[in-house]
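Labels below follow one simple rule: chain letters A, B, ... track the order of the sequence lines, proteins then strands, and each chain is numbered from 1.
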Amino acid sequence: MLIPHPLLGPRDAQEFTYLGDAALLARPDGMAEGALGAFIDYVYLRDNPAGVHRELWFHEQGDRSWLVVTRNTVTHEIIDAQLARDVALARKGAVA
Amino acid sequence: MRFSGFRVIKEALTGHKGWQPLWRNPDPKPAYDYVIVGGGGHGLATAYYLANTFRKARIAVLEKGWLGSGNIGRNTTIIRSNYGLPGNQPFYEFSMKLWEGLEQEFNFNAMVSQRGILNLIHTDAQRDAYRRRGNAMLFSGADAELLDRDRVRDMCPWLNFDNARFPIKGGLMQRRAGTARHDGVAWGYARGADRAGVDLIQNCEVTGFRIEEGRIRGVETSRGYIAAAKVGVAVAGSTSRVMEKAGLRLPIESHVLQAFVSEGLKPLIPGVITFGAGHFYVSQSDKGGLVFGGDIDGYNSYAQRGNMPVIEDVIEGGMALMPMIGRARLLRVWGGIMDMSMDGSPIIDRTPVEGLYLNAGWCYGGFKATPASGYSFAHLLATDTPHETARHFRLDRFARGHVIDEKGMGAQPNLH
Ligand SMILES: Cc1cc2nc3c(=O)[nH]c(=O)nc-3n(C[C@H](O)[C@H](O)[C@H](O)COP(=O)(O)OP(=O)(O)OC[C@H]3O[C@@H](n4cnc5c(N)ncnc54)[C@H](O)[C@@H]3O)c2cc1C
């Protein structure tokens, strides 16, 4: 699989390590009401879809950036890749 | 029709005209007491024990493809009970004991072969870890032996003992472990279940659940609605997809695991051997092919095929351990979809929906578990209490903090 790195162009997926569902970017607030339940969900439960999946890949053998890769889990087709930093900041902006 | 030596001779003399199909191919009835979703090893074993051991009737197994079309027909056939944790090891040892009597019990040749498993040791720390594991195995009533380097050399002189980075310093041996014919196991259970009156319904995909007031009423399928008092789901890699239809989100990710077989070679490898310094394990089938594998690919997948980097990694492991494998030609590579759980251990439990039960999270180790998994799941379905050896495989253990994390990797399925 080739991951279209937004800064470095197409890179072999072998240069990356895989973490999992990009929903992990949305870490719950530990101080909020019901935080325990929210953390159990966050740590242990996954959507695990067959089809389009947004996921976190770390460019360990490259520029050590985190990417949000959109990939089809049925065909392994890679549809999109963005810097996780940009995705997280956009999310924060949207929430604030 | 019973199988026996006498029967084989008789058929040989009469032109093999007396063999009959191993099971019927019935159409679904409108209602059952027990519906098992998934005609893989675990689903078929569950139906078998429900009917034969727990004496239940009105049972159906619903399989979306053909019986044994999933992981039961794709795995590398290793059976063993060499786990370390108290939540796991008694269960796998129970499974090992069931394997030992299985062929007599269901009157089918599953080619259970206790040829032993040897986990190689490459460092002093690894020897300590394996000594501890061996003791945990002995505590559960299983067998374990710590071998020194010379005894390993006697068994397998062709291993690469003096590899500069990964010298072989010994091994942990379980002699009762071994291999079994994976398809034969599915067929044996299927035949035994069918003979006890279970309807094995193929080409019947479960597409939804009918749930009323928190209770299961039946399942929607590609062959129409089927009412059921109790439904047990054992669909391995498809678990999240199927249970989503009952509104459940699970501690599971689906990953692809690949396996490999070489051309047939003369008898060479006495049992199962695992490389302790990389991801590679190997055994030799009765046809002579070297059957080997390694790690999962490591990303969520439903594709039933993997990619080159893991193939390369596995082959490198093989070359480091037994350089002569480089002379063998690779015949086939394939993949199957694993239900990787968040702690690497399985789930056999009820669900929040009354009458709906779950058997999942087998990761890449569910073949050896087939007998005990079927037995325990049948126990749960029949009595509503967990089987003694499976009582730790609870769905809520993650929320309670009682995970069974054999490798100590945390909530990271691709590391288990
Ligand atoms: C390459 C590979 C190597 C392995 N090696 C080993 C090994 O050496 N030792 C070991 O112990 N384990 C091994 N495993 C793991 C083991 O094969 C699995 O854990 C085990 O087979 C899973 O249980 P099962 O047999 O019930 O699964 P499956 O055979 O996959 O059964 C699940 C069934 O459910 C059906 N299904 C899915 N969705 C639906 C639906 N909606 N409706 C109806 N039916 C449905 C599927 O078609 C399938 O037949 C390996 C797996 C793979 C892929």
Side-chain angles (χ1 to χ4, degrees), chain A residues 1-4 10-28 30 34-62 66-81 84, chain B residues 235 237-245 247-256 295-313 316 335 337-343 345 347 360-361 395-403 405 409-416:
Chain A
M1 295 189 293
L2 285 178
I3 294 181
R11 307 298 314 182
D12 191 330
Q14 223 183 330
E15 296 173 5
F16 294 77
T17 50
Y18 178 81
L19 182 66
D21 195 321
L24 289 172
L25 286 173
R27 189 183 168 86
L36 179 61
F39 262 101
I40 291 168
D41 279 18
Y42 174 79
V43 175
Y44 292 116
L45 303 187
R46 298 290 181 268
D47 286 340
N48 193 20
V52 175
H53 190 223
R54 277 160 50 86
E55 51 203 25
L56 288 164
W57 292 74
F58 177 51
H59 200 192
E60 190 169 24
Q61 319 273 327
W66 281 94
L67 302 187
V68 173
V69 175
T70 308
R71 196 177 54 95
N72 188 322
T73 59
V74 177
T75 60
H76 294 166
E77 181 199 3
I78 293 179
I79 300 153
D80 182 46
Chain B
V235 294
S238 304
T239 301
S240 296
R241 295 170 81 177
V242 171
M243 295 310 281
E244 185 197 1
K245 303 194 166 98
L248 263 70
R249 221 169 142 242
L250 295 173
I252 286 176
E253 278 179 11
S254 296
H255 285 258
V256 59
D295 215 359
I296 53 176
D297 271 41
Y299 41 81
N300 287 45
S301 174
Y302 285 91
Q304 288 195 334
R305 62 175 171 78
N307 277 307
M308 272 315 268
V310 167
I311 298 180
E312 227 178 303
D313 183 63
E316 279 170 1
I337 301 304
M338 321 279 50
D339 37 339
M340 299 297 297
S341 69
M342 284 289 169
D343 61 356
S345 294
I347 295 157
L395 181 53
D396 67 357
R397 68 173 182 265
F398 302 94
R400 287 183 292 112
H402 287 209
V403 292
D405 190 342
M409 288 300 188
Q412 183 67 41
N414 63 355
L415 299 182
H416 286 295

- Rounded distance [0.5 Å steps], NE2 in B/His255 versus CG in A/Asn48: 7.5 Å
- Drop me the distance from B/Ser301's OG to A/Arg71's CZ, to the nearest 0.5 angstrom. 6.5 Å
- Does the side chain of A/Tyr18 come under 3.5 Å of the side chain of B/Asn300 through a donor N or O and an acceptor N or O? yes
- Query: Does any N or O in the side chain of B/Arg305 come within less than 3.5 Å of the main-chain N or O of A/Thr75, such that one atom is a donor and the other an acceptor?
  - Reply: yes
Heavy-atom distances under 4.5 Å only: say whether [X] touches chain A with side chain, backbone, both or neither.
X: B/Gln412; result: side chain
X: B/Ile252; result: both
X: B/Val310; result: neither

- What are the two closest heavy atoms between B/Ala411 and A/Tyr44, and how far apart are they? CB-CE2, 3.8 Å
- Heavy-atom closest pair (B/Glu253 atom, A/Gly20 atom, distance to 0.1 Å) is OE2-CA, 4.4 Å
- Where do B/Met308 and A/Gln14 land on the side-chain contact (heavy atoms from CB on, under 4.5 Å) test, with the steps shown first? CA-CA 9 Å; B/Met308 272 315 268; A/Gln14 223 183 330; over 6 Å; no
- I would like to know whether A/Asp47 and B/Arg249 meet side-chain contact (heavy atoms from CB on, under 4.5 Å); could you show each step before the answer? CA-CA 6 Å; A/Asp47 286 340; B/Arg249 221 169 142 242; 2.6 Å; yes
- For A/Leu36, does the CG atom have more than 12 heavy-atom neighbours from other residues, nucleotides or ligands under 6.0 Å away? no
- Item | Intermediate values then yes/no, side-chain contact (heavy atoms from CB on, under 4.5 Å), B/Tyr299 and A/Met1 | CA-CA 11 Å; B/Tyr299 41 81; A/Met1 295 189 293; 3.5 Å; yes
